[in-house]
Amino acid sequence: MPTIIVTIIGIMATVFAVSSSIPQIIKALKTRKTDDVSIWLVVVLIIGLGLWVIYGIGINDLLISIANSIAVAINTFLLILKIKYSRDPIS
């Protein structure tokens, strides 16, 4: 597969993965309800993304490090909204 195609696929995958939580954040901000969001999903996702950041640093891949750092920040914001707006944050 040509390098340019692989690069484009990588960039598209990054954009989709990093932005995947944004619709949930928008919904939470509009409705001020997050009972349908699993806190454990968000926590595990943040841990996994954080490990990707460390991996990206370890292999000196700036794209992996930056993209996953942004995703960690976005999902940390979602976690904060979950704790703030949920009637039972641990569910």
Side-chain angles (χ1 to χ4, degrees):
M1 189 176 300
T3 305
I4 187 71
I5 292 174
V6 172
T7 301
I8 291 169
I9 290 170
I11 291 169
M12 288 173 49
T14 300
V15 169
F16 279 100
V18 169
S19 64
S20 64
S21 297
I22 292 175
Q24 189 66 57
I25 290 171
I26 292 168
K27 180 181 177 187
L29 289 170
K30 284 182 179 179
T31 65
R32 304 227 188 275
K33 293 179 183 175
T34 57
D35 293 324
D36 56 340
V37 177
S38 168
I39 194 168
W40 301 114
L41 173 110
V42 179
V43 168
V44 170
L45 184 57
I46 291 169
I47 292 168
L49 293 166
L51 291 171
W52 272 110
V53 172
I54 294 167
Y55 173 76
I57 292 168
I59 64 167
N60 294 316
D61 190 316
L62 196 58
L63 180 60
I64 290 175
S65 300
I66 292 173
N68 285 288
S69 294
I70 293 167
V72 167
I74 289 169
N75 284 286
T76 299
F77 184 59
L78 179 58
L79 180 63
I80 291 166
L81 292 175
K82 168 66 177 173
I83 293 167
K84 181 177 179 180
Y85 293 138
S86 187
R87 286 179 279 154
D88 182 15
I90 302 304
S91 65

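Interatomic distance, OG1 of T31 versus CD1 of I26, reported as 11.5 Å (0.5 Å rounding).
Other residues, nucleotides and ligands place more than 12 heavy atoms under 6.0 Å from the OH atom of Y85.
Partners of K84 by side-chain hydrogen bond (donor to acceptor under 3.5 Å, both in side chains), not counting sequence neighbours: none found. N75 pairs by the side-chain hydrogen bond (donor to acceptor under 3.5 Å, both in side chains) definition with S21, not counting sequence neighbours. With sequence neighbours excluded, the residues that form a side-chain contact (heavy atoms from CB on, under 4.5 Å) with I80 are T76.
Each salt bridge (charged side-chain N to carboxylate O under 4.0 Å, His left out) pair with one or both residues in residues 1-28, not counting sequence neighbours, appears once here: K27-D36.
Minimum heavy-atom separation, S69 to S65: OG-O, 2.7 Å. The two residues V18 and A67 have their closest heavy-atom pair at CG2-O, 3.3 Å.
Hydrophobic clustering (side-chain heavy atoms under 4.5 Å, transitive across Ile, Leu, Val, Met, Phe, Trp, Tyr) keeps L45 apart from V15. I4 and I11 fall into different hydrophobic clusters, defined by Ile, Leu, Val, Met, Phe, Trp and Tyr side-chain heavy atoms under 4.5 Å apart, directly or through other members. By the rule that hydrophobic residues join a cluster once side-chain heavy atoms approach within less than 4.5 Å of another member, I22 and M12 end up as members of separate clusters. Tracing side-chain contacts under 4.5 Å through hydrophobic residues (I, L, V, M, F, W, Y), one reaches V43 starting from I74; they form part of the same cluster.
Here the side chain of T34 pairs no donor or acceptor atom with the backbone of V37 at under 3.5 angstrom.
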Do any side-chain atoms of residues 46-64 form donor-acceptor pairs under 3.5 angstrom with protein atoms, and if so which ones, sequence neighbours left out?
from	atom 1	to	atom 2	distance (Å)
D61	OD1	L63	N	3.1
D61	OD1	I64	N	3.1

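Under the 4.5 angstrom side-chain criterion for Ile, Leu, Val, Met, Phe, Trp and Tyr, F16 has no cluster partners at all.
For the pair I5/I9, a side-chain contact is recorded, criterion being any heavy-atom separation below 4.5 Å from C-beta on. In this structure, I83 and I39 have side chains that are in contact, with non-hydrogen atoms separated by less than 4.5 Å.
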Let me see the working for L29 and F77 under side-chain contact (heavy atoms from CB on, under 4.5 Å), right down to the final yes or no. CA-CA 11 Å; L29 289 170; F77 184 59; 4.3 Å; yes

